[in-house]
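Below: the structure, in structure tokens.
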Protein chains: 2
Amino acid sequence: MNIGDVAALSGLPAKTIRYYEDIGLVKPLRSANGYRTFRESDAHKLAFLGRSRALGFSIEDCRNLLALYEDEKRASAEVKEIAEQHLKRIDEKIAELKEMRATLAHLVDACAGDHRPDCPILADLATKQKDEEHLKKTA
Amino acid sequence: MNIGDVAALSGLPAKTIRYYEDIGLVKPLRSANGYRTFRESDAHKLAFLGRSRALGFSIEDCRNLLALYEDEKRASAEVKEIAEQHLKRIDEKIAELKEMRATLAHLVDACAGDHRPDCPILADLATKQKDEEHLKKTA
DNA sequence: GTTGACCTTCCAGCAAGGGGAAGCCCTAGA
DNA sequence: TCTAGGGCTTCCCCTTGCTGGAAGGTCAAC
């Protein structure tokens, strides 16, 4: 298989596949003309990577997951550990975004959004920075 | 004020402040020895930027917000528009993360996490990529 | 033989800074 | 007066995970 074929199969852009070779995630063979030649197992790995990435795993996580996947003697605990860590990071990110969202929604609500210059959003952005310290100190 | 002072005031690292000057967000003066000299208004802007960034606005959003902030004749509608767009992006991101989270939590739950190699997480990562297409085609 | 679709490598860049080197500047203390 | 230290400067590379483009080789079809 050439890179185009495996790209179509895995759903990954050819550029991404070359990059994955670059960083050692896959090791396709080369044919006489210099083209990359992918085996079934390479296509399989790439699909695995695509799926892992889609779940938000970092490249380093993917590398570890792939190694575990290929290790017949792995302990599922190792896989679970990686997944749980990632789950935790996702939860943290969600919490962070929700907090932003709450503040922002509040401000958007308070803003008239008309032709006048008065704007609670700008007022908040302009004043909070010192008030926060103030509040902490005086609280 | 030197950069260290304004860094302490705004809570931004000196590196970040230099970067913000680089990309034209602030324009501190220079004293004879080459040191940056920040006015009150610069400190104010930097705090504004810090707060905007903390709410997740992109640098370009920040640039626009800052311009509106300084424009006495702005329409609050313009500010609101930027904030609403950002709110929308946050909501999309949260939705995306929640979907990842759901899948991942499901898999983690199903995994024994012991010394045995059998692992639903790996099984899922290994098979979903083609099944998905399959499902779409055969559905 | 010549298009046009592939494929190759390399270089540059995105966001939004962080790390660290090499080298001024300024002040305080012995 | 010298020296140590801390702060400041510029510069360039590193990060994550790719993406785009330029310059050029290859291959199958017409």
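Note on naming: letters A, B, ... go to the chains in the order of the sequence lines (proteins, then strands), and numbering restarts at 1 for each one.
The residue Tyr20(B) sits close only to the backbone: its heavy atoms come under 4.0 Å of sugar-phosphate atoms, none of a base. Within the 4.0 angstrom heavy-atom criterion, no nucleotide atom of any strand lies near Ile23(A).
Judged by distance alone, the side chain of Lys80(B) and the main-chain N or O of Cys111(A) form a donor-acceptor pair under 3.5 Å. Remark: the backbone N or O of Leu68(A) is paired with a side-chain donor or acceptor of Arg74(A) at under 3.5 angstrom.
With hydrogens and angles ignored, no donor-acceptor pair under 3.5 angstrom links the side chain of Tyr19(B) to the base of dG18(C).
Both Asp5(B) and Phe57(A) lie near DNA chain D, and the one whose nearest nucleotide falls closer to the 5' end is Asp5(B). Of the two residues contacting DNA chain D, namely Ala14(B) and Ser58(A), the nearest-nucleotide position lying further toward the 5' end is that of Ala14(B).
In the hydrophobic clustering of ILVMFWY residues, with side-chain heavy atoms under 4.5 Å counting as a link, Phe57(A) and Ile59(A) come out together.
For Arg18(A), the listed nucleotide lying nearest its side chain is dT8(C); candidates were dT19(D), dT8(C), dG17(C). The side chain of Thr16(A) lies closest to dC18(D) when the candidates are dG17(C), dC8(D), dC18(D). Between dT26(D), dC7(C), dG17(C), one nucleotide has an atom nearer to the side chain of Asn33(A) than all others, and that is dT26(D). Closest to the Arg53(A) side chain, of the nucleotides dT19(D), dC7(C), dG17(D), is dG17(D).
Rounded to an integer number of Å, the gap from NZ of Lys15(A) to P of dA22(D) is 11 Å.
The number of heavy atoms from other shown groups lying within 6.0 Å of CD (Glu70(B)) is above 12.
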